[in-house]
Amino acid sequence: MYFAGGITMALGTSMIMRLQMDKAQVSFGEVAGAIGQAGGDVVAIDVIHASPESTTRDLTINLPENVRESMLQAVGALSGVKVVNVSDRTFLAHLGGKIEVQPKSPVKNREDLSHVYTPGVAKVCMAIHEDRQKAFSLTVKRNMVAVVSDGTAVLGLGDIGPEAAMPVMEGKAMLFKQFGEVDAFPICLNTKDTEEIIQAVKWMAPAFGGINLEDISSPRCFEIERRLSEELDIPVFHDDQHGTAVVVLAGLLNALRIVGKQLETAKIVVLGIGAAGAACVRMLLSAGAQNLIAVDKEGALVRDEEYAHEMWNWIAAHSNPQQERGSLSDVIRDADVFVGVSRPGLLTVEHLHTMADDRIVFAMANPDPEIDPEVAEPHVRVLATGRSDYPNQINNVLCFPGIFRGALDCRASTINEEMKVAAARAIASVVKEDELNELYIIPGVFNEQVVQEVRRGVIEAAIKTGVARRTPPEFR
């Protein structure tokens, strides 16, 4: 997954250090100096206990991850300082998990109990038994999404298992609620078998209005999503693929506006044809791109070759109209756009100089992009990454809350290409003409307009393509 729950932060951490300091031996200035010299930044101080002889304080410190141990050693080496305890604020935020289930109404007496449970609940059960669609109005199904993973492709960590994947899936559930008012629940499956995953999701589907697949390794993710989309009557969305692709398209539409080029005529090179790269290719083609070349470790995909991955064969058949061959160095010549969802260090300044003028580079490998942004910036017109410490962050959080909000509100049976393209255009539209510039091609994740516009675009596309089973009042 290229975008951690949609958010990639700068490489740092925050910790709370409790120190007991002997006033006769050390001053707070000496402690703060040692922390600063080691690379830490004291951002908060809380006095826990004070006496004429000593003080005990909690220091909240921001610091790069790689200086944590050296800073602890530097502080611990000061005379008169005792390190009582060290707490990582990230771990503290995860204690007991990050989400919980709350009742919508209290149960205070026997009458309340009879309404929400037996005997009153029986007539609601029978109403759904007679008309299964009433589950959308009488249960949590109408607003509930399952966040499903097998833990095989978690962040940049790889196959770490379902238990270790839980914090990410919980975080995803939080983002669904925070940004889209969508209830979501993490489901981490203890199997890597494609058929078992498909069957497990089908078994649990009656309780959910949508399925968000997450951090499932390629190429199994393609088959799992395809089959579930065909066999279920609720939306299925693999965010690692399509969330990335939607936001890439949104950013690219605005970047092309800046340089005065058209998606239909621009030469686009996509490097890295895994789950995210393959989805980016399909999304760009769906939106109208014509001169697109997909490149993986074996070179450019061409239609007269046979590939082990079915998705690669599809891409080869629908892209690279000039049948350009060779490595990235060969096909990037005269390219207007580079999109990277691969590995660090694969794009060089020499590559950039062979591209067309006003070049656009989306270098999105995380945490280290295909080219160092500081190195690339002087040589490109528009630069985007997956990181929050540079402008133009390509972030999935811009996408999935609004897409599911729209799909649930119109009870869409699927999320099709038209709905995804509509979501991308909606995200792009949030950046107004007078705001658009090289450092601002994509709105921030906390821009409240994003979910509203994506929801609207998705619902309109669902109605137009006939997959909406309900028309919200404002669209009638």
Side-chain angles (χ1 to χ4, degrees), residues 132-137 139-149 172 176 180 182-184 187 194 197-214 216 220-247 249 275-276 278-287 310-311 314 318 396 399-427 451 454-472 475:
R132 190 168 66 92
Q133 292 303 310
K134 287 186 177 179
F136 283 103
S137 58
T139 74
V140 296
K141 183 180 180 75
R142 70 184 299 171
N143 196 51
M144 181 67 76
V145 169
V147 181
V148 179
S149 180
K172 195 80 173 202
F176 265 113
V182 173
D183 296 318
I187 306 290
T194 296
I197 292 172
I198 291 169
Q199 189 58 63
V201 175
K202 288 171 66 176
W203 280 333
M204 72 177 72
F208 295 95
I211 305 294
N212 185 92
L213 300 174
E214 195 79 21
I216 299 173
R220 296 174 310 122
C221 58
F222 301 123
E223 174 70 5
I224 291 168
E225 185 195 34
R226 183 187 67 80
R227 288 270 305 281
L228 287 173
S229 296
E230 291 173 353
E231 297 175 27
L232 292 177
D233 64 348
I234 57 175
V236 178
F237 188 80
H238 186 203
D239 187 51
D240 300 340
Q241 294 183 59
H242 309 299
T244 302
V246 166
V247 185
L249 174 58
C280 287
V281 169
R282 292 189 66 121
M283 178 66 62
L284 294 171
L285 292 173
S286 295
E310 181 182 343
M311 180 60 68
W314 186 95
H318 292 84
N396 291 26
C399 166
F400 65 83
I403 284 185
F404 271 98
R405 182 70 276 152
L408 291 170
D409 285 349
C410 71
R411 293 186 194 165
S413 58
T414 188
I415 296 174
N416 56 33
E417 289 299 307
E418 292 85 354
M419 294 161 72
K420 296 169 198 170
V421 172
R425 295 190 184 281
I427 294 168
V451 169
V454 171
R455 172 188 178 271
R456 174 171 292 278
V458 165
I459 292 174
E460 288 175 347
I463 293 171
K464 184 176 180 179
T465 56
V467 300
R469 291 174 290 190
R470 173 182 178 272
T471 302
F475 294 88

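Residue I459 comes nearest to G406 through the heavy atom pair CG1-O, 3.4 Å, listed as atom of the first residue, atom of the second, then distance. Scanning both residues, V451 and G402, for their nearest heavy atoms gives CG1-CA, 4.0 Å. Across every non-hydrogen atom of H238 and A275, the tightest pair is CE1-CB, 4.4 Å. Of all non-hydrogen atoms in M419 and A412, the two that sit nearest each other are CE-CB, 4.0 Å. The two residues V182 and P401 make their nearest non-hydrogen contact at CG2-O, 4.4 Å. Nearest heavy atoms, A287 versus L249: CB-CD2, 3.6 Å.
Proximity of a side-chain donor or acceptor of R455 to a complementary backbone N or O of I403 within less than 3.5 Å is not detected. Proximity of a side-chain donor or acceptor of K420 to a complementary backbone N or O of S286 within less than 3.5 Å is not detected. Side-chain N or O atoms of R405 include one that pairs as donor or acceptor with a backbone N or O of G180 at under 3.5 Å.
Looking at I187 and V147, their side chains never come closer than 4.5 Å, going by heavy atoms from C-beta outward. Between C221 and D240, every side-chain heavy-atom pair lies at or beyond the 4.5 Å cut-off. Taking 4.5 Å as the limit, some side-chain heavy atom of L228 sits within range of a side-chain heavy atom of I198. Side-chain contact between N396 and V246 is absent, with no heavy atoms from C-beta onward closer than 4.5 Å. Between F475 and R456 there is a side-chain heavy-atom pair separated by less than 4.5 Å. Residues C410 and P472 are in side-chain contact: their nearest non-hydrogen atoms beyond the backbone lie under 4.5 Å apart. Inter-residue side-chain proximity for L213 and F237 is flagged as unmet; no heavy-atom pair is nearer than 4.5 Å. Within the 4.5 Å cutoff, no side-chain heavy atoms of K141 are placed close to those of F208.
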query = Can K464 and E418 be said to form a salt bridge (Lys or Arg N to Asp or Glu O under 4.0 Å), step by step?
reply = CA-CA 9 Å; K464 184 176 180 179; E418 292 85 354; over 6 Å; no

Full working for side-chain contact (heavy atoms from CB on, under 4.5 Å) between R142 and L408 = CA-CA 7 Å; R142 70 184 299 171; L408 291 170; over 6 Å; no

task = Let me see the working for D233 and R132 under salt bridge (Lys or Arg N to Asp or Glu O under 4.0 Å), right down to the final yes or no.
result = CA-CA 12 Å; D233 64 348; R132 190 168 66 92; 3.3 Å; yes

ask   = Do M311 and R282 pass the side-chain contact (heavy atoms from CB on, under 4.5 Å) test, and can you show the C-alpha distance, the side-chain angles, and the key distance before you say yes or no?
value = CA-CA 10 Å; M311 180 60 68; R282 292 189 66 121; 3.9 Å; yes

inquiry  = For a salt bridge (Lys or Arg N to Asp or Glu O under 4.0 Å) check, start with the C-alpha distance between E230 and R227, then their side-chain angles and the critical distance, and finish with the verdict.
reply    = CA-CA 5 Å; E230 291 173 353; R227 288 270 305 281; 5.6 Å; no

Chi angles and distances behind the side-chain contact (heavy atoms from CB on, under 4.5 Å) call for D183, F176 = CA-CA 7 Å; D183 296 318; F176 265 113; over 6 Å; no

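For R220, the side-chain contact (heavy atoms from CB on, under 4.5 Å) partners are D150, T152, K192, T194, I197, I216, S217, I224, not counting sequence neighbours.
Side chains of S149 and E214: no donor on one and acceptor on the other come within 3.5 Å. Side-chain contact check for N212 and D239: no donor-acceptor pair (N or O, by modelled atom type) lies under 3.5 Å. Donor-acceptor pairing under 3.5 Å is recorded for the side chains of T465 and N416. H242 and E225 form a side-chain donor-acceptor contact under 3.5 Å, judged by distance and modelled atom types alone.
With rounding to the nearest 0.5 angstrom, the OG1 atom of T471 is 4.5 Å from the CD1 atom of I463. Atom CZ of residue R411 and atom CZ of residue R469 lie 8.5 Å apart, to the nearest 0.5 angstrom.
Other residues, nucleotides and ligands contribute only 12 or fewer heavy atoms inside 6.0 Å of the CD atom of E310.
Annotation: cation-pi geometry satisfied between K172 and F400 (NZ/CZ under 6.0 angstrom from ring centroid, within 45° of ring axis).
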